[in-house]
Amino acid sequence: MSIVAVQLGQCGNQVGHEVFNTICGDVRGTHGLCSKKENEAYHDACTERFFSEAESGVPVARAVLVDMEPKVISQTLSIAARSGHWKYDDQSHFCQKQGSGNNWANGYSVHGPRNKEVIMNLVQKEVEKCDRLSGFFTIMSMAGGTGSGLGAFVTQCLRDAFPTSFILNHVIWPYGTGEVIVQNYNSVLTLSHLYQSSDALLVHENDVIHKICAQLMHIKQISFRDVNQVIAHQLGSVFQPAHTAEAGLHYSRNPLGDLMEALVPHPEFKMLGLRNIPQMPENSLAYSTFSWPGLLKHLRQMLIANAKMEEGIDWQVRPPCPGSSISSSHSTNKLLHFNTSIANLVILRGKDMHSVDLGSFRDPSLYTSWLNPQDAFNAWKTPRAFNKYEKSASLVSNSQFLLKPLDNVVGKAWNMFASKAYIHQYTKFGIEEEDFLDSFTTLEQVISSYTNL
Amino acid sequence: MRRCRALPAAVGALCRALPPRARLAPDVLRRARFDRPQATLDFWRLLYALLKQIHGGEWTESDAIDTQIRFVKSALWYHGYGRPELYQLPSDGSAGSRELLLAFSWLLHRVNLLEWLLARNRVKTGDETSVCTCEDDLSHSQKDTTEMAPGLEDRVDVRYLQWLNGKLRFQWRSLHAQHQEQCKLLHKIHLFTSGSHTDQALGHFSVTETDLIRHPENYNQLLQHLELETMQLEAFLEWKQLEAVYWQWMETVLDNMAEEGSLRTVRDAPVETSRLQEGATCCPWAESMTVQIDRLSGEMTALHSQLQELVARRRSAWCQKVKTREEELQKEDFSTKLGKIEESVELKLLDLTNHGAPNKNKMHGSCRLVFRSKRSASKTGFGGSASKEPVPAVSATEVIRELRMREASLQRELKQLQDECKQRLDGIAERLDGVICISP
Amino acid sequence: MTQSVVVQVGQCGNQVGCRFWDLALREHAAVNKKGIYDEALSSFFRNVDTSSKLGMLLFFRSAGDGPDIYKGKICSLKARALLIDMEEGVVNEILQGPLRDVFDSKQLITDVSGSGNNWAVGYKVYGCQYRENIVEKLRKTAEHCDCLQCFFIIHSMGGGTGSGLGTFVLNLLEDEFPEVYRFVTSVYPSGEDDVITSPYNSVLAMKELNEHADCVLPIENESLFDIVNKIHQMINSGKLGSTVKPNSLVTSSAGTAKTVQEKPFDAMNNIIANLLLNLTSSARFEGSLNMDLNEISMNLVPFPRLHYLVSSLTPLYTLADVNIPSRRLDQMFSDAFSRDHQLIRADPKHSLYLACALLVRGNVQVSDLRRNIERLKPSLHFISWNQEGWKTSLCSVPPVGHSHSLLALANNTCVKPTFMELKDRFMKLYKKKAHLHHYLQVDGMEQGCFSEAISSLSDLIEEYNELDASKGGLRTDPSRLKIAV
Amino acid sequence: MLPAGCGGRLAAALQAALRGGAERRRELERSAERGRDVLWGERRGDERPKAEVGPGGGRESTPSSRELEELELLNAALEKALRVRESVSGAPAAARGAPGAKPAGGAADGGDTGELELPAATRDGPAAACPTCEVRAGSRQPTAAKKPPPYRLRAPYRTDPDVRRTQRKAPAGRVSRAPGAAGKSSSKAVAPKQGGRRGPAVPAAAKPQRTAGFPRSAPSEQHGLPAGDGSSVAVCGQQLSAGKRCCAPLRLPGGAEEHTAGARSASPRAAALQEQGCQLELPLPYRKAHTRNSRAWEKCRLCHTSADAAAARTRFTERIQSSFCSPTPTLSPAEIEKELKALQDVPSRLSLYVEAESADHPTLQREYESLLTLEGLQSTVSQCLHKLQLLRAAVESQRKLHPGCTGDQRDCCAACAAGAWVCGSAGTLAVPLLCYSRLQELRDLFALKLQVSMLHQQIALQKVSL
């Protein structure tokens, strides 16, 4: 069982590199705090998931690097190789000379078809290295041109070429302002296209991570590297091996499939958010102790109050009374802040996790009326500590948490679209106004579905 | 005199050739011959165990005797056993051992019982896979009987169904990945152990065999099973030698019955059938068969009328053309050409009907997977010299071709059903104005 | 990695170009300490020394300052440039100067008679006459690139050759290289320009810029002059004089033996050259947030004709104390939006922003960027549908002698007054039909050209007017699509 | 939006399908685990699950203790017989046991040479695989040098060596067993004759040529040329009586690996099967059992019913069938189902033909051919329709005969579960082989099977929702 990562564009490549770095660091670390046997099993499962082994003995990331511009890839390759602990395959990358220029249409309609064959060949080669392919993990931003446009195209190609594989798109949601001016257009086009071909979209908002860096990690001058490291940590906390309820003593061999089955079987609800606790600077860790009930209490409130980190949670938010009817509860002001879930997955890592009571996540009032908690809630566990945190919990949630950002993006893009600004840049590459309209329709449908949970 | 000694041997061999679980003491047969009630229960159990295996069910000792008896009767009916006396036997198993002996003997021949059981229970040391899709048919026809979970009805949201459906879709994908891995592993093992197997026909080890080499201490049981099976096979061979004795003996049973007058002939038994007919209205088997036949004949009829129209049009067009070019054609010696065409079409159609007809030679059940690289395949003369090759073999390409056809036809059936469903939904949606329906 | 070709036309264009190549070489020399011909270097230079198989070029001396830094090895580097002038003076000067080795004769097109400050002569006469020659040389240059992304045209609007032949070349590029971006750096004449016909030339050139350029970076001589003057005042007042770095942004022409006082144009031209360097830095060097050249027009040009980007460079005055980061860093951002730092006389803060890009170089992180955007946003007016119209880039390589720098590009209606002023000056002449005959006697030049040009300019101004009008009005969002449940 | 009640039914059906799928996945996971274990030797220590008793174990009944006892006795008797035979044929065994002199490259035209290939391969194998073995193998078996390079299949796959594993402790059990392994391996000298290819062989006959395979597993204190001497026979006897634990030593060729490397710890995990796979040999008791078993199968397969038996059988059947209630339906339910299933695919197959013939044809001949084909198809369809009618009638008559329908719906269903009967290669008493020649073929095969299976399910579900 292996996951093939596809890193797309500058953002995708930078984040992807940090993810492999984090995973490798976690596995190599001596912080496991578990039995030797457990640690070995963890190590083996992780290696099989993310790395193939080269003759040199240095693990090789199961990844395909794609960018339309050479700078980032060459930088990424060399940094990885320099670490000495892992590297990328020398052959498994592709870049062109000229970027997509923040133009989704350029990435999707020009670069995509032009380079499809080469990219898919690379993917195929990587796939053949796996005994069992669990699926693809594509990492991309939705603001730029290559990650978003080419990313959407490549995802589509993956879906066509591997109809029975799982595809999880990790999408970096741009800062609300300041990265790319046409980011809302690009986002709308990306999300709507991914909604057709991907199985799930795991979203990280730059703004949120930035805040985590500032408030939890206490970083003064935050660089993209810091942001990416937090993202990588969160992703690692989900994708490192864990025991599912069913697999029993063995580490799950189907991480993507398990994740998808637990969270996104419904084709209309594919948006996943990720929260974790605790998160703090490394040097404070030594002075901190955590209790599982405390962690989970916070995590649950983060979920229902839609807080992205453990600081500044609104403790006033409560789940609606089971008695109140659904229609009336939507109108009440208090419940506007309540984040209704479709499904949640909690991952616990660290000692004593077996004794943890997860009952508070099985409360039916957390979930939409048409799913019962048995269907909607899952937990994975492992006694193996993750990344120096003696105990840590992560929550992957399919809930309304992205509703607001999504609504924002669609709204802003729609405003721009109404004044026809920048449209000529897209028509230049064959994306017409009608394509925009289709994308808007798709996303309005998604918004409406999530709103009416 | 010889027969006297031979009969116990034959019966003994027969009993030993039966699967261990269903094994019968030879004495039971002897007693049944005299219709002793003591033998009845043993016989019901035997038949139950055997038929249950044939029908792929799990054998459970705990099943109540009346359930067992009901099942046996039903299964015998299914195989076409028609002695009304059997069906009238009491459901507590208190009498009728001779009837059961007859049924058992009939079954023995009718469905090749022994051979069938031997093949089915074969100790599997190889990597096996089934080459047909019968098991799917089976599991899904059984699924229809699944009971509804209580209390589910009142809170089923379409979205919940979509959710479950999506989950199922994902599950299939995971299964696919698992299967692909399995293939890769099997292939590696086959490849790496190529040439190791002492059995030249196989050439390489199976997973079980390779595992056996690594952990021989875990395979005592397997060995014992193998030995037991060998003994069973030897008993079967013995049985085959002595079979005639048994059948002659069975005839004497019939003779006896005829003397007693308990063996009626067809002519004097119209009374009993009426008893069988009651309650016949609710037979779900017949129901489902009728539905299938209806659907099939619907499709056929449609095809038929389509063909009729097409043929009529073609024929008239062709006649016209021939008429206009008559002379020219005569010069070309057209009729011999037509003769040739007729021949070739006949061949083509023959091929078609052969495909369509129940293929007697079609492989069923599981086969041992064997890897033969193209090179070695030609060396062993696989396929080409079928007469020399003692073990029946089928190539993956053949099976794949068969499966592809099956896939296509199923796809078609599914599409038909979906269209039907959609039409129905559209019908409903038309009445509900302004609603967008997303079909599950 | 992509390549760019600089086409410098006319006296002004060539003088600016000269400064550009000088500074570009210095910048790469500072970054590329090992002297390897790398991708970054390849964007503006090609390496013609085929004998060096390793691609090694020891053209820099590590601490080498002064004219001798190029000695010897420089001969292998050739600028991706085309030098066009219809007089010989400036080009000859370059060919005799320290930069002579980066150009060869195949990159030059000169004439002796000049264009007589007449757009029509430049465009119609020389255009026709040199068309083949120009195309031929452009092709040669293009062939040396493996991925040609952008042409930079440097010219002035007031004269004859720069405006006339410059816009002709622009036209030509569109025909011959439709895929390649065309960025135009246009130096606009000041009101008291000594060329009488400069309003004609400018307006006629404007029409071409409107139609054929992807981006225009307008620069006004007066603004440059003001900036340079202010720097001098500060230096002379002694406040900062002692601490001004000898090798900093504006004064970096020290390498040539001439002083700032002796040749004031050099300082002004340095500003333009720096503008181009900073504009392309993120495409050339690595950084955590890259910005390719094609992203500039993508992000900053919402409507095809509104492609005039007002630029500002900082730090300009605060060169001395680059070592005090944080407060000065924020000051750098504030300055970029102040009137004093714009390269045209305009006040973006009080006009309407369509879009804005911040190109940051040096040791600046995304949090600095975010903090400053949040800080400055309230004081700026953005158009309703682009309230968050910020594009940013972070290039990790700072300009020579600095720890960081910022180039702000604004698509802002504040360019409008410049155009209106130009229009007024044009109309003053045109009403009197003054000097018209000089133009009309040129073959293919008709009066229609003037009216078309002026209406093109008026249309542009009108477009800006309409946008400005929306500024005061209430913001109403268009209603969204509705989904039936 | 769904018909009332349908939602509930559908949900139940979906849930059932999900449960079924989960079960299937667990099963597959187990078998994959086993495969991986075999391939990489990944299972370690106490994690190792209890070995399953062959894939057939599920269906096969567990033999009673009495039966097992019987078996032990039988085995003991067998050993005795073996010993006797061995002492008789000892001399020829020694003579034949000098395989080193024989060129192994000879074509595998007979059983003898074919078997000789194996030891050749094994002797050279370890040398190529690991240099440490080479020295030992060479010193022990000088004859090996004379041999031409043996047939050896090189795997095209590279499996990455796992360096990490070198630090791992070897499972204690294996280390402790290792010395014993070497000592006992000589017992192979009594290997019975292999393969079902030889004529009507005497069961359990010990054919000496099998000894050719032994040298590689012989402990170093023995000389290179093995002989089926009495001592090893004795060992074998002990082993068998000791409850078949004797197989342990035969694990890996050479035994050297275990000696030198302290079990698995020093050998990269992937090396396990890839490097030595083609030199492995099955444990003797298993080989014996397998041979006996497959020979028995072979005989059963070729065995025919004698003419008088067939006649008696037929007489009996006819007589009993004459006593069946009237009118005897022409087809049994089982046959009806079979016929119907055969017809199932016909419409789609035929429509494919029809579609192909629908296009216009350029030549007159072609047109005629098409016309004839269509007419032929038409008659085929008519035949099928007729057959369907017959089937319908048969169903009706069977419905009347159906027993056990006492009006209770559940009752009836339980009985009708018998309706579908498991297919099997009924009557063919042989292990059919399914041969594949490429990995891709295998993959396609499994993928298709799965796809068909899924379609079956979807159709079933779709039917529920109708």
Side-chain angles (χ1 to χ4, degrees), chain B residues 21 56 73-75 78 80 82 84 87 112 116 124 134 136 138 140 146 148 153 156 164 171 178-179 183 185 187 192-194 198 210 216 218 221-222 226 230 233 243-244 247 266 279 283 285-286 289 297 299 304 307 314 345 349 356 358 364-365 367 370 392-393 396 403 409-410 412 417, chain D residues 7-8 12 14 16 21 28 35 38 51 53-56 61 153 194 247 273 277 283 289 296 308-309 312-313 324-326 332-333 342 345-348 372 376 378 381 388 395 399 403 405 415-416 418 420 422-427 432-434 436 439 441-442 446 448 453 455-456 460 462:
Chain B
R21 185 195 285 145
K73 285 181 180 174
S74 183
Y78 179 76
Y87 298 105
N112 278 337
W116 206 94
K124 284 166 182 136
C134 305
D136 296 316
L138 180 72
H140 293 300
T146 323
M148 196 185 301
E153 237 166 323
V156 173
L164 288 176
Q171 205 175 50
Q178 281 179 297
H179 269 294
C183 290
L185 294 177
H187 181 66
F192 293 164
T193 62
S194 268
T198 44
T210 318
N218 293 304
Q221 238 186 335
L222 174 71
L226 264 180
T230 312
L233 288 167
E243 200 183 0
W247 295 113
V266 178
C283 177
W285 175 82
M289 283 298 120
S297 35
E299 284 175 33
H304 194 254
L307 272 168
R314 280 287 162 81
V345 169
L349 287 173
H364 271 284
C367 289
V370 172
L403 283 171
S409 88
L410 285 172
R412 206 175 124 275
L417 281 168
Chain D
L14 281 166
L28 258 176
V38 163
V53 191
S61 61
L153 203 117
Q194 290 295 307
C247 0
L273 197 66
D308 55 335
R313 210 166 58 180
F324 285 1
C325 56
S326 69
S332 70
D345 284 355
V346 173
S348 60
L372 283 181
Q378 201 180 359
V381 173
L388 279 173
V395 168
R399 180 206 288 274
C405 274
C416 280
V422 175
C423 78
S425 28
L433 299 184
L434 173 56
Y436 72 98
L439 173 60
E441 221 169 53
L442 196 61
F446 276 84
L448 268 169
S453 200
L455 282 168
H456 271 294
Q462 197 74 42

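A, B, ... follow the sequence lines: proteins, then strands. Residue 1 opens every chain.
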- Query: Which heavy-atom pair separates D:Y436 from B:A396 by the least distance, and what is that distance?
  - Reply: CB-CB, 3.8 Å
- Query: Which heavy-atom pair separates D:A309 from B:W247 by the least distance, and what is that distance?
  - Reply: O-CD1, 3.9 Å
- Atom group of B:Q171 that falls short of 4.5 Å from chain D, counting heavy atoms: both
- Task: Return the set of residues passing side-chain hydrogen bond (donor to acceptor under 3.5 Å, both in side chains) with D:Q378 (not counting sequence neighbours), or none when no residue passes.
- Result: none
- Of all heavy-atom pairs between B:A244 and D:D308, which one has the smallest distance, and what is that distance? CB-OD2, 3.7 Å
- Item | Euclidean distance, D:L439 CG relative to B:H187 NE2, rounded to 0.5 Å | 5.0 Å
- side-chain hydrogen bond (donor to acceptor under 3.5 Å, both in side chains) partners of D:R313, counting only residues at least two apart: B:H109, B:E243
- Under 4.5 Å heavy-atom distance to chain D, tell me which part of B:R314 shows up: side chain, backbone, both or neither. both
